[in-house]
Amino acid sequence: MKIMPIKLRPLWLTAAGISVAALVAPVAAQSLITGYWNPLGHQDAYHYAGGPDPGDFSGLPITDAARKIAQQYDADEFHMRELMCRPFPATYGPRTLSTMRIWETLDPQTQEQTKIETQMGFAVQHRVIWMEASHHPYPSASEPHTWQGYSTGKWVGNVLWVHTDHLKPHYLQRSQGLPLSDRTTMDERIFRYGNILVDIMMISDPAYLSRPFIYSKLYAYLPQGNMDPYPCSVRNQVPMPEGHVPMRLPFYTTNYNAAFAAKGIPLEAARGGEQTMFPEYQDYMKTLPPNPPYSQLDAEQQKQIEQQSATSQQKFP
Amino acid sequence: MHTFSSERGAVRAVSIASRRALWAGLGLAAASLVVGLAGQEGATGRPPQAPQPAFGDPVNIYASNAYAPAREDGEIHPSHVRGQVWLMTGEPGGSNVVVQLGDQGVLVVDTGTKAMAPKLLAEIQRLAQEHGGEHKEIRKVVNTNGRLDHIGGNETIAKAGSEITGWNDGILPGGERAAPFVSPGAEVLAHENVLRRLTAGGTDEFRGLEPTDAESFEIDNQRFNGEAVQIYHPHNANTDGQLVVLFRGSDVIAAGDVVDMNTYPIIDVKAGGTIDGELVALNKVIAMAAPGPLAEGGTVIIPGHGRACDQADVALYRNMLTIIRNTVQYYKNQGKTLQQVLDLKPSEGYDQSWGGATSGSWTTRDFITAVYETLPAKGPVFFSMKTVTSVPSGKQF
C-alpha cells in the first residue's frame, strides 16, 4: 500500500473528523424515506384483515356517541352511489395492506424539501405533506375538507413529524361503522430503521374518541415497487330506492351477541372504551361473566333476541 | 504494508505512528470544536430552539402556520370558488353569501344580516371593480329563503344596484346608441311564499326586505353573465320558500339552508318546513352535483352556513338526517309521545358534531321536535324518494 503524501494527511484527517462531527451533531438530519414500501401485515390482523365482528369495539377508546352510531351502521352504506368510490382516509389507509409510495419535491435553488407526497395502492390515496420551506398557506375555514386532509410536516432529528387536519367525516374502523368527525386530527412520527419504515399514528377526535387512538405500522423497503392505476366507476351493486339510506333500527335492550358468545368475549368488554385499551383490562375481563351460548338461553330470552334481531335487520319494503 | 529493518525500522514506525496520532488528535479536536460550536449556537446569537413536545404528544405543532383569518371576525372575506362565483364569509352568526360576476353585472345570492350589510356591500363593490366584467352594478339578488340572516341586507344591497328594465333601440344624433332604460334598485327574486310570510303579519318589521320579484315555480332556468343559472324550489324543506341556485357554467351550487355544515338543518315548521321535504331537497342537491373522481371534488356546494363541500359531504349529511328521521318514525309508529322520543335521544350519536346545543335559537330539542311533528303518526319507517310523507304545519298557501 502506498503511503499518502504527508502534506495531505492533515487535510484528510481533519475532513474525516468533521465528517464524524457532522454525524454526531443533529443539524438538518433527515432520513431518506422515498421509494416504495410494502406493508407488513402481521400487526393487528384481527382488526384489519377480515375485521372484527360487528359490535366488538374492545380495545378502542370510543365514546358513547361513536358506539351509538356504530350500532345503527349497515355496511351496505358502501354501496351507495355517492360513496362507493370513496378512498380510505388518511387516518385509515396507512393501517391497511396497501403498498405505499413516497416521493419528495425539493426547491431547485435551496435544495430544501418543500413537500413529501405519499400514495397508497388502493384508491389512489394521494397525500401531500407540506414542509416548512414550502410556506404553503393553511386552508381557510370555508374550504372543503378532503379524504386525505391537509398535512404539514417537519423533521425533528431523523423523525418526520406530520400533522393532519381538514379531513372529511370518515371512520375509525370501516367494517364496524365506528365514526370519526371532520374535527379529527392526526399526528404522525415516521422514521426508518434500515429497510424498515415505521409510521406511528396518533388520532384524536373530540366527538368520537375519549383518548387518542395510537397505532403503529411497519413497512419493508420494496426496491422494485410499482403502483397500478385505480379507475373507479359508479355502478349499482345493491339495488335500493333513490334516497334510501342503509341502517339498522335501534335494538339495544339486550345487547346479546351470539358471535361474542362463541368467542367468549364478555359483552362489557365488547362495548369498548378507553379502559379496554390497557393490558390490565385483560385481568379484569377474566372476572366478567361470559355470554351464555344461545342454546343455553331460556325461551323468552331467545324470543326477545329474535324479535330485536328482526327489527334491526328490517329493510326498505 | 510497510516493512522496515529492525532498529531503524522500529524508530521510523514509532515516528510515523506519533505523527499519525498527532494529526488524528488535531482532527478530533477540530471535530470537537465543530460539535461544541453547534451546541452553543443558541448561546451565541441564534435564539434557542423552543423545547420540543415529548415524542408521544399528539399536539398541533403547526398552529402558527394557520394564516387563514378567523372565520367570524366581524369582517367579510371574499374567496374565489370557481369560474365566475365567489363566496363571502366572516359574518358572525350570519349566512354564506354567494356572488356571481360577469359582463351583465353582479348577481348576489342572499344578503346576510342587516347589521353587516354595509360591509358586505363594500366588499361586493370592491370585488366587482377588481374582478367584474363590463358592467359592475348589482343587477340581481336571489333569496334562498325568508329568514332574517339571509334577507337582512336586501334593502342595502338592492338600493346600491340597478335593474335594466328595457333596451332603447333609438340611435342618438351622431350615431351613438341610446342608453337602456334603467330603474334604480336591483331586482330581488324569491319564492312567492317568502313574500307572503313577510307580509302576513301586517307589520312594518320587514319593510324594505321584501323581494321585488316573488314567483311560484319548481324550476326557473335563466341565463345571466353568460352562464345558465338554474333555480330550483324544493317544497316544504327548511321552509316553504326555499330556493337552491345552480351556476351551471361555474359548476357551483348555492344550496342555502338545505345544507348546513354547522348544525342540523333549521326546519322552520311555522314557515312550512318538514323533515321529508328537507330530505327531498338534499337528494335533489346530490342529484344536481357531479362528483369528481374518487368521491371528492367536482361540483362545489356552498351551504347556507359553514364550509364549502362536495357531493360526498352532502351525501353523508343526508345519511345522518335520514337515519335520525327513520329512527323517530320507528318510535312514532310505536305510539311514543314527543317527550318519550326525546328521552330516547334518537340523535345522540350526532349531537356533539351537529347539534348538542341546549339553548339558543336552534337546539337539538328543536330539531327532534320538528322531525317528530312533521312525520305522520303511522308512516313508512324507511325514507326514500318514493315514500315521502311531508306533514307541513303552520299556515299553508
Side-chain angles (χ1 to χ4, degrees), chain A residues 1 3 9-10 13-14 16-18 20-21 24-25 27 64-66 68-69 72 77 80 82-83 85-87 123-124 137-147 152 156 161 163 165 168-169 181 183 185 187 189 202 204 206-207 212 232 241-245 247 249-250 314-317, chain B residues 1-2 19 23-24 26-28 30-31 34-35 38 52 55-56 58-62 65-69 71 77 79 87 89 279-280 283 286 291 293-296 300 307-313 315-316 318-319 322-323 326-327 330 348-353 380-386:
Chain A
M1 179 179 161
I3 296 178
R9 283 180 196 163
L13 287 166
T14 305
I18 290 172
V20 170
V24 173
V27 178
D64 290 343
K68 194 140 190 179
I69 288 175
Q72 292 199 269
E77 188 224 47
M80 301 187 75
E82 305 85 16
L83 300 173
C85 285
R86 168 174 48 168
V124 197
Y138 195 75
S140 78
S142 59
E143 285 186 41
H145 288 205
T146 61
W147 300 119
T152 46
V156 179
W161 289 39
H163 177 81
D165 52 24
K168 283 185 187 293
S181 77
R183 289 182 289 159
T185 59
D187 287 87
R189 307 290 182 263
M202 293 164 280
S204 304
C232 181
E242 186 187 359
H244 173 75
V245 175
M247 61 171 289
L249 289 167
Q314 274 185 42
K315 300 282 183 187
F316 57 87
Chain B
M1 189 65 167
H2 300 277
R19 274 188 282 175
W23 289 117
L26 285 171
L28 287 172
V34 170
V35 174
Q52 297 291 353
F55 187 79
V59 295
N60 182 2
I61 57 173
Y62 308 102
N65 201 20
Y67 306 134
R71 179 162 166 69
H77 301 284
S79 56
L87 170 64
T89 59
L279 292 177
V280 169
N283 280 291
I286 289 167
L294 299 170
E296 186 164 273
V300 180
R307 65 177 167 82
C309 40
D310 57 22
Q311 189 198 51
D313 287 309
L316 292 169
R318 180 268 321 265
N319 287 5
T322 306
I323 289 170
N326 292 353
T327 305
Y330 169 70
E348 187 181 7
Y350 305 101
D351 288 347
Q352 194 164 1
S353 289
V381 171
F382 295 102
F383 171 88
S384 80
M385 295 291 272
K386 293 178 180 170

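Chain letters run A, B, ... following the sequence lines, proteins first and then strands; every chain starts at 1.
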**Request:** Of all the heavy-atom pairs spanning A:G243 and B:R318, show the shortest one and how long it is.
**Result:** CA-NH1, 4.3 Å
**Message:** What verdict does the side chain to side chain contact (heavy atoms under 4.5 Å, CB included) test give for A:K168 and B:D313, after you've listed the backbone C-alpha separation in whole Å, the side-chain angles of each residue and the deciding distance to 0.1 Å?
**Reply:** CA-CA 7 Å; A:K168 283 185 187 293; B:D313 287 309; 2.7 Å; yes
**Item:** Side chain to side chain, B:R307 and A:H145, heavy atoms closer than 4.5 Å
**Value:** yes
**Item:** Part of A:A207 lying under 4.5 Å from any heavy atom of chain B
**Value:** both
**Prompt:** Below 4.5 Å, heavy atoms only, C-beta onward: do B:T89 and A:S142 meet side chain to side chain?
**Reply:** yes
**Message:** Ignoring hydrogens, what is the shortest heavy-atom contact between A:L249 and B:N326? Give both atom names and the distance.
**Reply:** CD2-O, 4.3 Å
**Item:** Interchain contact, B:L279 with chain A, by part (heavy-atom threshold 4.5 Å)
**Value:** neither
**Prompt:** Taking the six-membered ring where the residue is Trp, are the ring centres of B:F383 and A:H244 under 6.0 Å apart?
**Reply:** no
**chain A contact via B:S79 - which portion, at a heavy-atom distance below 4.5 Å** = side chain
**Message:** Could you check whether any side-chain heavy atom of B:S353 comes within less than 4.5 Å of a side-chain heavy atom of A:R183, counting everything from C-beta outward?
**Reply:** yes
**Asked** Under a 4.5 Å heavy-atom cut-off, does chain A meet the side chain of B:V280, its backbone, both or neither?
**Response** neither
**Item:** Side chain to side chain, A:M247 and B:T327, heavy atoms closer than 4.5 Å
**Value:** yes
**Asked** Is there a donor in the side chain of A:T146 and an acceptor in the side chain of B:E296, or the other way round, less than 3.5 Å apart?
**Response** no
**Request:** Give the intermediate values and the outcome of side chain to side chain contact (heavy atoms under 4.5 Å, CB included) for residues A:K68 and B:Y350.
**Result:** CA-CA 9 Å; A:K68 194 140 190 179; B:Y350 305 101; over 6 Å; no
**Asked** B:I286, B:L294, B:T322: which one forms the most heavy-atom pairs within less than 4.5 Å of chain A?
**Response** B:L294
**Request:** Evaluate the criterion side chain to side chain contact (heavy atoms under 4.5 Å, CB included) for residue pair A:L83 and B:L316; output intermediate values, then yes/no.
**Result:** CA-CA 9 Å; A:L83 300 173; B:L316 292 169; 4.0 Å; yes
**Item:** For B:A312 against A:E82, the heavy-atom pair lying closest together
**Value:** CB-O, 4.4 Å
